[in-house]
Amino acid sequence: MQQKRNIQIIEWEDLDKRKFYSFGVFMTMTIRATVYPATLIRTRLQVQRGKSLYSGTFDAFFKILRTEGVRGLYRGFMVNTFTLISGQAYITTYELVRKYVSQYSDDNTIKSLVAGGSASLVAQSITVPIDVVSQQLMMQGQGEHLCRFRLNSSTETGKSKKMFGQTRNIMAQIFAADGFRGFYRGYVASLLTYIPNSAVWWPFYHFYGEQLSKLAPSDCPHLILQAIAGPLAAATASTVTNPMDVVRARVQVEGRTSVTETFRQLIKEEGFWGLTKGLSARIISSTPTAIVMVVGYETLKRLSLRPELVDSRHW
């Protein structure tokens with residue numbers, strides 16, 4: 001039974017779309033820049049054999065910082081910024097599907113699950129080619145021996161052309177080896193990772209928010225409760241989907257073609273503990289991501305409210 005204290009969700013029809021998209025680009029870019037180093041570390045941990053390079057998340061952070069500098073933590077970042085497009089596609093799909101499903105069901109869990117999964121499907125279709133290139137760039141440096149493609153020495157000179165020269169170099173190698181399909185390597189593994197992750201995250205986010213609202217004082221700002229609910233949902237979703245994320249990373253970086261064969265080899269070589277590789281880095285990266293995303297997203301929606309609805313929402 002709904003209670004007055006429950007957090008009211010701002011729906012698609014409540015928004016001024018021009019404000020929503022203008023603020024949304026800035027929010028997405030801020031999130032990407034904040035969590036990118038943890039994403040890079042997670043990728044290297046997942047691809048390494050055993051503990052051949054790093055013993056854990058913090059060991060990886062300090063070794064990369066010491067040997068490659070701060071720039072090493074942002075390898076492939078410029079390519080990754082193109083995921084701004086997929087970010088906007090994700091948000092739009094999520095909100096529109098929620099609106100569509102609400103015609104058939106008032107259950108928020110169903111709306112969140114279906115909309116989250118659908119949004120991830122659309123976003124991954126855009127994101128996977130970007131991920132394939134950026135992950136190859138992430139692995140350069142200490143981890144370059146673990147991936148299929150290495151930068152030619154000629155691309156390392158000339159600062160003005162270095163950044164985009166490296167990207168072109170990797171893209172040319174991928175296309176020469178695998179053709180256009182090479183940019184969608186690991187697409188199925190990505191869908192099997194991120195559709196469940198997104199479908200799980202949204203219902204748990206609203207669930208944790210509702211439970212916290214019942215425990216918190218009546219004058220507690222909703223934004224604080226949502227900022228706590230976000231990381232809790234992210235940790236839950238990360239734990240559930242991490243095994244598939246390890247497989248996805250190896251398929252994309254090592255150039256494998258079979259998800260099931262990659263899964264079998266991982267179990268054979270490293271046991272079931274191999275399925276937890278990068279989990280701590282993933283949770284560490286997802287926690288600030290979730291806080292920034294939730295605070296940013298909920299603030300974005302409030303700032304984008306149609307003028308006549310501004311006073312109707314409790315912060």
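Not counting sequence neighbours, the partners of Thr34 by the side-chain contact (heavy atoms from CB on, under 4.5 Å) test are Thr30. Residues passing the side-chain contact (heavy atoms from CB on, under 4.5 Å) test with Ile130 are Val79, Phe82, Thr83, sequence neighbours excluded. Under the ring pair (Phe, Tyr, Trp, His ring centres under 6.0 Å) criterion, Phe58 pairs with no residue at all, not counting sequence neighbours. With sequence neighbours left out, Phe62 forms a ring pair (Phe, Tyr, Trp, His ring centres under 6.0 Å) with no residue at all. Evaluation of the salt bridge (charged side-chain N to carboxylate O under 4.0 Å, His left out) rule for Arg98 yields Glu11 as partners, not counting sequence neighbours. For Thr193, the side chain to side chain donor-acceptor pair (under 3.5 Å) test picks out no residue, with sequence neighbours left out. Applying the ring pair (Phe, Tyr, Trp, His ring centres under 6.0 Å) test to Phe204 and every residue at least two apart in sequence or in another chain returns Tyr208. With sequence neighbours left out, Arg181 forms a salt bridge (charged side-chain N to carboxylate O under 4.0 Å, His left out) with no residue at all. Not a single salt bridge (charged side-chain N to carboxylate O under 4.0 Å, His left out) links Asp131 to another residue, sequence neighbours left out. Considering only residues two or more places apart in sequence or on other chains, Phe23 meets the ring pair (Phe, Tyr, Trp, His ring centres under 6.0 Å) condition with none of them.
A donor-acceptor pair under 3.5 Å is absent between the side-chain atoms of Tyr90 and the main chain of Leu121, judged by distance alone. In terms of modelled atom types and a separation under 3.5 Å, the side chain of Gln48 and the main chain of Leu53 share a donor-acceptor contact. Listed for the Thr276 side chain is a donor-acceptor partner under 3.5 Å among the backbone atoms of Trp273. Arg44 places no side-chain N or O within 3.5 Å of a backbone atom of Ala60 that could act as its donor or acceptor partner. Distance alone, capped at 3.5 Å, is enough to place a donor-acceptor pair between the Arg282 side chain and the Ser238 backbone. At distances below 3.5 Å, not a single donor-acceptor pair connects side-chain atoms of Ser190 with backbone N or O atoms of Val128.
In this structure, Ser198 and Gly116 approach most closely via the heavy-atom pair OG-O, 2.6 Å. Residues Val294 and Tyr205 share a closest heavy-atom pair of CG1-OH, 3.5 Å. Tyr74 and Leu40 make their closest contact through N-CD1, 4.4 Å (heavy atoms, listed as atom of the first residue, atom of the second, distance). Of all the heavy atoms in Asn108 and Ile9, the pair that sits closest is OD1-CD1, 3.2 Å. Taking both residues in full, the closest heavy atoms of Arg302 and Leu223 are given as NH1-CD1, 4.3 Å, listed atom of the first, atom of the second, then distance.
Within the 4.5 Å cutoff, no side-chain heavy atoms of Thr109 are placed close to those of Phe207. Side chains of Glu270 and Lys277 form a contact here, defined as non-hydrogen atoms less than 4.5 Å apart. In this structure, Leu300 and Phe20 have side chains that are in contact, with non-hydrogen atoms separated by less than 4.5 Å. Annotation: side chain of Phe175 is in contact with side chain of Phe183 (closest heavy-atom distance under 4.5 Å). Contact annotation: the side chain of Tyr194 approaches that of Arg248 to within less than 4.5 Å [non-hydrogen atoms, C-beta and beyond].
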Exercise. Decide yes or no on side chain to side chain contact (heavy atoms under 4.5 Å, CB included) for Met138 and Thr39, but give the supporting numbers first.
Key: CA-CA 9 Å; Met138 285 179 189; Thr39 302; 4.0 Å; yes
Practice problem: Give the C-alpha distance, both sets of side-chain angles, the deciding distance and a yes or no for salt bridge (charged side-chain N to carboxylate O under 4.0 Å, His left out) between Lys63 and Asp59. | Solution: CA-CA 6 Å; Lys63 280 184 177 177; Asp59 180 55; 3.3 Å; yes
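Donor-acceptor pairing under 3.5 Å is recorded for the side chains of Ser86 and Thr127. Looking at Tyr187 and Ser125, their side chains do bring a donor and an acceptor atom within 3.5 Å of each other.
In this structure, Leu279 belongs to a hydrophobic cluster whose other members, linked by side-chain heavy atoms under 4.5 Å apart, are Ile283.
Pairs of residues two or more places apart, or lying in two chains, that qualify as side-chain hydrogen bond (donor to acceptor under 3.5 Å, both in side chains) and include a residue from residues 15-25 are Tyr21-Thr92.
Trp202 and Tyr297 have perpendicular rings, their planes meeting at more than 60° on a 0 to 90° scale where under 30° would count as parallel.
Here Lys214 does not pair with Glu210 in a salt bridge; the nearest charged N to carboxylate O distance is not below 4.0 Å. With respect to Arg306 and Glu13, no salt bridge is recorded, no charged nitrogen being found less than 4.0 Å from a carboxylate O. Using a 4.0 Å cut-off between charged side-chain N and carboxylate O, Glu95 and Lys301 make a salt bridge. Salt bridge present: Arg42 and Asp245 bring a charged side-chain N and a carboxylate O closer than 4.0 Å.
Transitive grouping of hydrophobic side chains (ILVMFWY, heavy atoms separated by less than 4.5 Å) keeps Leu303 and Phe26 in distinct clusters. The hydrophobic cluster containing Leu225 does not contain Leu215, counting ILVMFWY residues as joined when their side-chain heavy atoms lie under 4.5 angstrom apart, directly or transitively. Criterion: ILVMFWY side-chain heavy atoms under 4.5 Å apart, direct or through other members. Under it, Met78 and Ile85 are not part of a common hydrophobic cluster.
Annotation: Trp12 is not in aromatic contact with Tyr100 [ring centroid separation under 6.0 Å not met].
Here the CG atom belonging to Leu275 is positioned 10.5 Å from the CD atom belonging to Gln46, to the nearest 0.5 angstrom.
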